[in-house]
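Below, chain A is the first sequence line, B the second, and so on; all start at residue 1. Basis for what follows: all heavy atoms, side chains included, without hydrogens, waters or symmetry-related copies.
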Amino acid sequence: MSKIPGDLRYTESHEWVKKDGEFFTLGITDYAQNALGDIVFIELPEVGTKLEKGKPCGVVESIKSVSDIYAPISGEVTDVNSELVNMPELCNSDPYGAWFVKVKVTTQDDYNALIPADQYEKHCEHAE
Amino acid sequence: MEQTKRTQLYEEHLHLKAQMAPFAGYEMPIQYSSVKEEVLSVRHGVGVFDVSHMGEFFIEGPEAQEFADYLIPNDLLSLDIHKAVYSPLCRENGTVVDDLIMYKLATNKVLVCMNASNVEKDWNHMRQYQKQFNVKFTNRTESYSLLAVQGPQAVPLLENLGIIKNSDNMAYYSAIETTFGRDELIIARTGYTGEDGVEIFCSHQFVGKLWKMLLEHKAVPCGLASRDVLRMEACYPLYGHEIHDNVTPLDSGLKWTVKLQKNRFVGKEALAQYKPKWQLLKLSIDKMIPRQDYPIENSKGEVIGHVTSGTMSPILNRGIAMAHVAQDQYVKDQQIFINIRNRKCEAQLHKGPFVVGGHK
């Protein structure tokens with residue numbers, strides 16, 4: 001059973017988004033890290049990159065596979081977790097602490113449209 | 001759609017919470033704990049793989065050796081009894097049908113073990129030549145379970161358990177028919193990891209008992225994902241990657257398996273004249289991870305080939321790849337780049353395998 005914090009919002013492609021004041025951070029869920037296995041490489045967008053909701057914005061590689069990360073919300077990248085790029089295994093050990101990027105948005109509509117924890121839990125159960 | 005088959009150990013895999021996925025028509029364990037941990041357990045201790053999906057054919061009769069030897073470019077005839085040989089299986093035109101291991105169990109009995117995905121294809125190919133020989137040829141894939149027990153501690157463990165009675169009689173690439181209690185086993189000192197170890201062909205009734213004995217003695221269950229990493233580190237080719245229906249063994253670093261001095265074998269005439277189109281390179285890069293089909297480029301940015309297999313090596317902590325480069329576009333030791341998502345990563349060329357295991 002994977003961990004699903006109640007205060008985050010989720011996508012069906014297993015990204016999480018956290019509201020942090022006027023900014024948003026995002027990462028991949030416990031379910032995602034577990035399915036991927038040992039994560040050994042992460043590629044993140046640079047500061048200033050304009051994310052477009054639903055478009056690939058990064059890459060996560062485990063030993064066995066490559067996965068695109070899809071932007072859960074549109075907005076501008078204001079900060080990148082460089083510690084994570086150097087230690088991609090943090091994604092496995094602490095998926096909700098291992099944020100990828102911080103994003104500034106113009107509207108909260110994208111965030112409001114994301115799935116709440118209880119619905120995401122059902123989505124994961126269905127996927128299993 | 002044909003229904004996905006299960007090995008005898010299916011319930012054991014579920015019980016261990018393995019990630020399962022369909023592979024060659026079987027529902028197979030991909031990983032149990034972590035690919036990295038599984039790889040390291042095979043390099044440093046002992047791991048056990050359920051590879052019961054693989055195919056087993058038996059060639060028996062007065063001309064068993066002649067038939068077996070005729071099918072493959074490598075040399076089975078001059079092997080001693082109880083020895084094994086790795087070989088590609090080729091068509092008349094030299095292209096690769098599959099690769100396999102042949103075990104000379106007796107003067108009149110040869111076991112052939114092949115990739116699960118190619119069982120039917122190999123069977124149909126081989127059957128074409130059967131009538132020229134006085135042999136009984138049977139497909140017993142459904143009758144055998146197969147465990148690969150691999151790693152430096154594999155043989156000591158099996159000796160402790162009394163399954164291998166005397167490892168002195170079991171040189172690398174040898175095979176014996178033996179018993180454990182009332183159960184009949186074929187134990188072969190072969191594998192696909194680069195480490196010492198054995199492959200044990202046994203009945204479906206016995207395999208559960210064997211699996212449990214091994215796990216109780218700290219053998220680590222390993223899935224197909226770690227098996228793939230281990231074989232890439234050892235630079236073993238895989239059908240569908242380094243070898244396939246459109247290349248010959250001479251395109252893929254397997255010249256050593258093509259014994260043109262043999263009187264005859266299927267594909268000999270074609271291979272004797274064949275000018276290789278490809279050269280197989282072993283490459284590693286820092287940080288990034290090469291994957292199958294990524295382009296190989298020269299310093300001018302021209303595409304001269306493609307990655308055939310790639311992964312991250314937990315031992316080297318580098319991205320590793322085998323790659324086909326066009327023979328007419330590659331100059332020995334030239335600078336090589338792997339194009340990864342439009343980034344050019346300079347690759348280091350390796351002469352030998354990335355990891356030299358302890359098989360003997």
Donor-acceptor pairs, chain A vs chain B, cutoff 3.5 Å:
| unit_1 | atom_1 | unit_2 | atom_2 | d |
| --- | --- | --- | --- | --- |
| N34(A) | O | Q19(B) | NE2 | 3.0 |
| A35(A) | O | Q19(B) | NE2 | 3.4 |
| D38(A) | OD1 | S34(B) | OG | 3.0 |
| D38(A) | OD2 | S34(B) | OG | 3.1 |
| D38(A) | OD2 | V35(B) | N | 2.9 |
| D38(A) | OD2 | K36(B) | N | 3.1 |
| E43(A) | OE1 | R341(B) | NH2 | 3.3 |
| E43(A) | OE1 | R343(B) | NH2 | 3.2 |
| E61(A) | OE1 | R291(B) | NE | 3.0 |
| E61(A) | OE1 | R291(B) | NH2 | 2.8 |
| E61(A) | OE2 | R341(B) | NH1 | 3.3 |
| E61(A) | OE2 | R341(B) | NH2 | 3.1 |
| S62(A) | O | R291(B) | NH2 | 2.7 |
| I63(A) | O | R291(B) | NH1 | 2.9 |
| I63(A) | O | T311(B) | OG1 | 3.0 |
| K64(A) | NZ | Q19(B) | OE1 | 2.8 |
| K64(A) | NZ | Q31(B) | OE1 | 2.4 |
| S65(A) | O | R291(B) | NH2 | 3.2 |

Please name all residues satisfying side-chain contact (heavy atoms from CB on, under 4.5 Å) with A347(B), sequence neighbours left out, ordered by chain then number.
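Only L283(B), I285(B), I336(B), I338(B) meet the side-chain contact (heavy atoms from CB on, under 4.5 Å) criterion with A347(B).
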Can you establish whether the number of heavy atoms outside K18(A) located under 6.0 Å from its atom NZ is more than 12?
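Atom NZ in K18(A) is not packed in, count stays at 12 or less.
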side-chain hydrogen bond (donor to acceptor under 3.5 Å, both in side chains) with S13(A): which residues, sequence neighbours excluded?
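With neighbours one apart ignored, the set is T11(A), E15(A).
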With a 4.5 angstrom heavy-atom cut-off, could you sort out which part of V35(B) is near chain A: side chain, backbone, both or neither?
both
Residue by residue, which of residues 103-114 of chain A have a heavy atom closer than 4.5 Å to a heavy atom belonging to chain B?
none
